[in-house]
Number of protein chains: 2
Amino acid sequence: MTSQTKAADAPGTRDRVVRAASLLMQRQGYAGTGIKQIAQEARATLGSVYHFFPGGKQELAVAAIQHGDREFAEALSEALGAHDDPAEALTALCRTLADGLSASDWADGCPVTTTALGTAGRAPDIQAAAAEAFARWRELVEQKLRASGIGAHDARDLAHTVISTLEGAELAAQVSRSERPLTAAAHHLGRLLSLYR
Amino acid sequence: MTSQTKAADAPGTRDRVVRAASLLMQRQGYAGTGIKQIAQEARATLGSVYHFFPGGKQELAVAAIQHGDREFAEALSEALGAHDDPAEALTALCRTLADGLSASDWADGCPVTTTALGTAGRAPDIQAAAAEAFARWRELVEQKLRASGIGAHDARDLAHTVISTLEGAELAAQVSRSERPLTAAAHHLGRLLSLYR
DNA sequence: GTCTATAATAGGATAGAC
DNA sequence: GTCTATCCTATTATAGAC
């Protein structure tokens, strides 16, 4: 056991590389991010990067997306766990997303979308990792909706729309440099959910 | 007047270049698309591309986004004009989007998002063009909602969420390679709008 | 595991003939 | 307006010493 999983204290080289890759690809996309830039940002040498990721840039992108997957899943779980009412939880999450966006001057949006979109259709590994991320987030929402008393079929469909709306609102907020899409999304998702119980 | 605007018959070199740039950047992103590739796809030479776009890749990206802006605005206007009920119009639009995605094997998503995300924060011209596109689409929806009897304030907020949800659903559909997010979005947007009249 | 050097290729952009 | 040739830089990836 070489502690691949988590390292809260003194992250190892591999972790630093993954984190740097995730952040840079989130901001600049897959093609716009160079491996040398990742190595520099992670305070690692090029040799170390290829030591941990012999598959090169593609393998690195998969790890970066999986990192973003866990990151967003944690934010989502935290919000859902802190409120009994799903609508209140989504409002809190939208606030978190809006704060993160404006604090980064609208640079840090979804940690999966930018990387996934730039490689759509031409990198099956990356596409699959992104699809798994969306599916995981959707399942978290679906479980919460079912726990709040919404029927199985409705909960499944609604989870799709909740994730779509959150993603779209974060995207629109980033492009428009405004929190408005996120506050509107929180309000309307609450209204929508109120129809189903 | 050298007919810069539209040319339904025998598109000129400039038009072919803009169209190729828009399509390629939509699929591969800004950094992932080379000017040489654009020239080749448009059956133009590199010299011609730089003749029409002396500002280089950035100027070309702005023109590509503006092209995508008009493209989506036309699809939106067509759907909104064909149905009195906004909910029915959005359902029809989601069908159009889903058909376009699956017909292109999930390659052709929003013609603005991919380009805009990959350059967020580092190319003000491109960012501004993308923001204008989102604002235009939102206004088209807002006008339709007001015409259907929804109050000014509600219509403005709802237009934000309609665009966010459409964008997010198209994104989720592309990443997941499934029409499900778009059909769910159409259904739930209809339910949401039914609360406001 | 880490580091430097380098190979092989592709990128954006320019010059100037036609 | 179109075309070709070319400059300069950056890119991914590898080799091999330590």
Side-chain angles (χ1 to χ4, degrees), chain A residues 1-5 7 9-22 24-25 27-65 114-115 118-119 122-126, chain B residues 1-5 7 9-22 24-25 27-65 114-115 118-119 122-126:
Chain A
M1 186 190 291
T2 32
S3 81
Q4 301 175 340
T5 45
D9 47 333
T13 303
R14 205 197 119 102
D15 271 8
R16 292 202 314 277
V17 169
V18 171
R19 270 198 260 262
S22 181
L24 289 172
M25 286 186 181
R27 292 179 173 170
Q28 307 172 345
Y30 177 79
T33 301
I35 294 189
K36 285 181 181 172
Q37 188 186 12
I38 293 172
Q40 186 174 356
E41 190 77 13
R43 284 169 300 128
T45 60
L46 201 57
S48 294
V49 174
Y50 277 98
H51 169 76
F52 288 111
F53 300 94
K57 200 178 185 180
Q58 285 209 14
E59 185 183 350
L60 196 39
V62 171
I65 284 193
T114 309
T115 310
T119 60
R122 287 168 307 139
D125 293 354
I126 300 176
Chain B
M1 187 191 290
T2 32
S3 82
Q4 300 176 342
T5 45
D9 46 334
T13 303
R14 204 196 121 101
D15 271 8
R16 291 202 315 276
V17 169
V18 171
R19 271 199 259 262
S22 182
L24 289 172
M25 287 187 180
R27 293 179 174 172
Q28 307 172 342
Y30 176 79
T33 302
I35 295 190
K36 289 177 183 173
Q37 187 187 12
I38 293 172
Q40 185 173 357
E41 190 76 14
R43 285 169 300 130
T45 61
L46 202 56
S48 294
V49 173
Y50 277 98
H51 170 75
F52 288 111
F53 300 95
K57 200 178 183 179
Q58 286 208 14
E59 186 183 349
L60 195 41
V62 170
I65 284 193
T114 310
T115 310
T119 60
R122 287 169 306 139
D125 293 354
I126 299 176

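Only heavy atoms go into these numbers, but all of them, side chains included; no hydrogens, no water, no symmetry mates. Below, read A as the first sequence line, B as the second, and so on, with proteins coming before strands; counting in each chain starts at 1.
Sorted by first and then second residue, the side-chain hydrogen bond (donor to acceptor under 3.5 Å, both in side chains) pairs involving residues 33-46 of chain A (not counting sequence neighbours) are A:Gln28-A:Thr33, A:Thr45-A:Ser48.
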**Prompt:** Going 5' to 3' along nucleotides 11-18 of chain D, which nucleotides have protein heavy atoms under 4.0 Å from the base (write B), which only from the sugar-phosphate (write S), and which from neither (write -)?
**Reply:** BBBB----

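Atoms OG1 and CD1, on A:Thr119 and A:Ile126 in that order, are 4.0 Å from each other to the nearest 0.5 Å.
Atom CZ of A:Phe52 and atom C1' of C:dC3 are 14 Å apart (whole Å). Distance B:Asp15 CG to D:dG1 C1': 15 Å, rounded to the nearest Å. Atoms CZ (B:Phe53) and P (D:dT2) sit 12 Å apart, rounded to a whole Å. C:dG11 atom P lies 10 Å from atom CD of B:Gln28, rounded to whole Å.
Side-chain N/O atoms of B:Thr45 include none lying less than 4.0 angstrom from OP1 or OP2 on D:dG1. Applying the 4.0 Å criterion to OP1 and OP2 of C:dT2, one finds that A:Ser48 has a side-chain N or O inside that range.
Looking at heavy atoms from C-beta onward, A:Val18 lies in side-chain contact with A:Phe53 at the 4.5 angstrom threshold.
Taking both residues in full, the closest heavy atoms of A:Arg16 and A:Ala42 are given as NE-O, 2.8 Å, listed atom of the first, atom of the second, then distance. Residues B:Ile38 and B:Ala20 approach most closely at O-CB, 3.9 Å, considering heavy atoms.
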**Item:** Test log, rule side chain to side chain contact (heavy atoms under 4.5 Å, CB included), inputs A:Tyr50 and A:Ile35
**Value:** CA-CA 9 Å; A:Tyr50 277 98; A:Ile35 294 189; 3.2 Å; yes

